[in-house]
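Here is the structure we will look at.
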Amino acid sequence: MWLPCRCTLRAASFTPGFFSSPCLNVLRRKSSWNSAAFMPEAAAFQGVSGRDELRDFSVSDSDRFWAAVARQRLNWIRPFHRVQDCDLSRGRIEWFEGGKLNVSVNCLDRHVHTCPERVALIWERDERGSEVRYTYRELLEMTCRVGNLLRRHGVKKGDCVTIYMPTCPLAVASMLACARIGAAHNVVFAGFSAEALAERIRDAESSTVITVNQGVRGGKVTELKKTVDAAVQSCPNVRQVFVAMRTDNPVAMTARDIAMDEEMLKEDVVCEPEAMGSEDVLFLLYTSGSTGKPKGLVHTQAGYLLYAALTHRYVFSYHDGDVFGCVADIGWITGHSYAVYGPLANGGTTVLFESTPIYPDPGRYWDMVERLKINQFYGAPTAIRLLIKYGDQWVKKYDRSTLKTLGSVGEPINTEAWEWYYRVVGEGRCPVVDTWWQTETGGICIAPKPSEPDAEIVPGMAMRPFFGIKPVLMDTEGNVLTSNNISGALCMAQPWPGMARTIHNNHQRFIETYCQPYPGYFFTGDGAHRSQEGYYQITGRLDDVINVSGHRIGTAEIEDVVNQCPAVAESAVIGYSHSIKGQGVYAFVVLKKDVNIQEADLSKQLSNLVSGKIAKYACPDFIQFVTRLPKTRSGKIMRRVLRKVVECDLDGLGDLSTLDDPAAVQEIIQGHKKLSSK
Ligand code: WTA
């Protein structure tokens, strides 16, 4: 399987120095804050004498900020002539008009030029202790070979290639190869069913698919090629499937299939990059909306890359030479922005994690941190909560002294998980950054960092908008809420380069979902609270907000309290229709291993906790103890499924194939029957 080939790279086709430094009028700051060391561009921004001021400047003088950053941090083939041309009310979002660049050159060639032997990728394979390192030179070679292979098989600028692969270097090379030759990629998480994959291939109008014979995760083999075979049955446009070998087991090949490893070796290690317009499509990524049909969100070249790179560097305080460990799968936006594009654009060393947090045992993450000397670790609260269940000894067994920053993403991180992450994993040394963002936003929008070095971090809060981000909270009538200590619908008042441009083939849906609810603003679909101090806390999807006797309450808020009970591993709270109160509260609770308390006693304890911490109205009417919650494979709790169970609408459960463990639902249905018949 594709271990890096050690042959020498021939003169690559990048053009060194085709970008020249911006002519910034450098002003010396008197402040003790060294703006130029923190962000070279900042030295030219008049009156900026601190990080908070830099953030203000990036919003109030957004065009100047982004122009300077784009010139400084991206290599342009042709400079842009206009910073942005956006009209949020119409869903028109354009950045860096007139500019031409190539994303793969920005992620590879320019680093090969300066430090070819720097490690770009560390592939933490499922088999513990068998990691493989790829230098920038090797990754460029692999990318060029894939680019040439795709070109030779007719893939051209403007096409869309679907990638259905585990997290591995060839998947990254495939993404970058698409970028190199000007094709868009559509990475589909390799845990999706054939049907879900087929729907995405068809919607993306892909005629080329890249996959592997088999995947390996948590010691289990998955038949990815067979899934692709089943999917393409209903995709008449697919004319070729490239199949690489992740395991040694041969798979049946059809006339449509191409043995990728062998064919790649025949290709040249130099591949001419396409000059792409800033607003050409870089990738589609499907994500769920409130309706059943997944949306193919579209991200474009320059703005996306710039935003991923800038957030990667500043939110995590990434420094040259650090090893960045984002454990997300490349099938999700987190994998795109923080395992691939952000770190590579910054010339960083990034970990590709193929396994699970508990394989072969619950010490996997921390063993990896020790072995790979990871400096920034970026994971999900769901995994943290799972690991809490197994106890601290699995963490303490390993040396974590290399860690500098701990990141969290994907859902609100409850206080207990935050504290454990901070105290046990980070030994109270590493800032925990709770990062809020979405597939739609392209990169992190709200996070505790960057901030002044001694600024506080409040547990479980995303807190501060990133450079160029202007969040606002709206009331139900669409008025901007200006005071603090207030909750509302989270919108963005200003465009930023990383935001999605449209939904593939459905711009109208993009406008209706994001632009029309609050005209002139980008609506995130989330609710948030702004504290007295002006910090943002995400309260959850607005559809997770419930109304009990006229009181609005975020289900995440109740979960946070329930999770503080020492016996509780995690919980999911939903609203259900209640004849008197409008909505009642129903809590699903997973207990930690070896908890020995009567359920009735524990229910009482939890109710007291909730009424004590929030209010009596927030107390769950029902508490159902379950051994696991239904989750997507990216670890998000499927509250939609829980709601359907509680509403006894089993026909409405819909497609459960995207769940990590569909059997969890059966247990929940049985438990609910028992509880409701009491
Ligand atoms: C939720 C993942 C609270 C939120 C990057 C958002 C969060 C959705 C956080 C996007 C966080 C993500 N705190 N909630 N730090 N991060 N979310 O598109 O509801 O998979 O709208 O992107 O996850 O999920 P997506």
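No hydrogens, no waters, no symmetry mates; every other heavy atom, side chains included, goes into these values. Start at 1 and go down the list; that is how both ligands and their atoms are numbered.
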Would the distance check show the side chain of Y521 and the main-chain N or O of S89 forming a donor-acceptor pair, the cut-off being under 3.5 Å?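 Not confirmed, Y521 side chain does not pair with S89 backbone.
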Has R464 got a side-chain atom pairing as donor or acceptor with A447's backbone, closer than 3.5 angstrom?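 No, R464 side chain to A447 backbone: no donor-acceptor pair under 3.5 Å.
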Ignoring angles and geometry beyond distance, decide whether [X] reaches within less than 3.5 Å of ligand 1 through its nitrogen or oxygen atoms.
X: S408; answer: no
X: G410; answer: yes
X: T334; answer: no
X: T287; answer: no
X: Q438; answer: yes

Looking at CD of E440 and OH of Y514, how far apart are the two atoms once the value is rounded to the nearest 0.5 Å?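 Spacing of CD (E440) from OH (Y514) equals 3.5 Å.
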Subset of ligand 1 atoms that lie under 4.0 Å from at least one heavy atom of [X]:
X: V409; value: 5 (C)
X: I538; value: 3 (C), 14 (N)
X: I333; value: 5 (C), 22 (O)

With heavy atoms under 4.0 Å as the rule, classify the contact between T439 and ligand 1 as side chain, backbone, both or neither.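 It is both parts that get close, each with some atom under 4.0 Å.
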E411, portion touching ligand 1 at heavy-atom distance under 4.0 Å: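 Backbone only.
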Closest approach of L285 to G331 (non-hydrogen atoms, all atoms of both residues):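 Heavy atoms only, the tightest pair is CD1-O, 3.7 Å.
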Between R217 and E354, is the closest basic N to carboxylate O distance under 4.0 Å?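 Not counted as a salt bridge, because no side-chain N and carboxylate O are separated by less than 4.0 Å.
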For [atom], closest protein heavy-atom neighbour:
atom: atom 4 (C) of ligand 1; value: D526 OD2, 3.0 Å
atom: atom 3 (C) of ligand 1; value: P412 N, 3.1 Å
atom: atom 10 (C) of ligand 1; value: W437 O, 3.6 Å
atom: atom 20 (O) of ligand 1; value: K636 NZ, 3.5 Å

For Y307 and W66, take the angle between the two ring planes, folded into 0 to 90°, and tell me which bin it lands in: parallel under 30, tilted 30 to 60, perpendicular over 60.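 Ring orientation, 0 to 90° scale: tilted.
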For the residue pair W437 and Y338, does the interplanar ring angle fall in the parallel (under 30°), tilted (30 to 60°) or perpendicular (over 60°) class?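 Aromatic pair W437/Y338 classed perpendicular.
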Any atom of ligand 1 sitting under 4.0 Å from a heavy atom of W436?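 Judged by the 4.0 Å heavy-atom criterion, W436 does count as contacting ligand 1.
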Can you see whether Q376 engages D322 through a side-chain donor-acceptor pair at a distance of less than 3.5 angstrom?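 Yes, side-chain donor-acceptor contact under 3.5 Å.
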Tell me, yes or no, whether the heavy-atom count around E195 atom CD, taken from other residues, nucleotides or ligands under 6.0 Å, exceeds 12.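 No, the 6.0 Å shell around CD holds no more than 12 heavy atoms from other groups.
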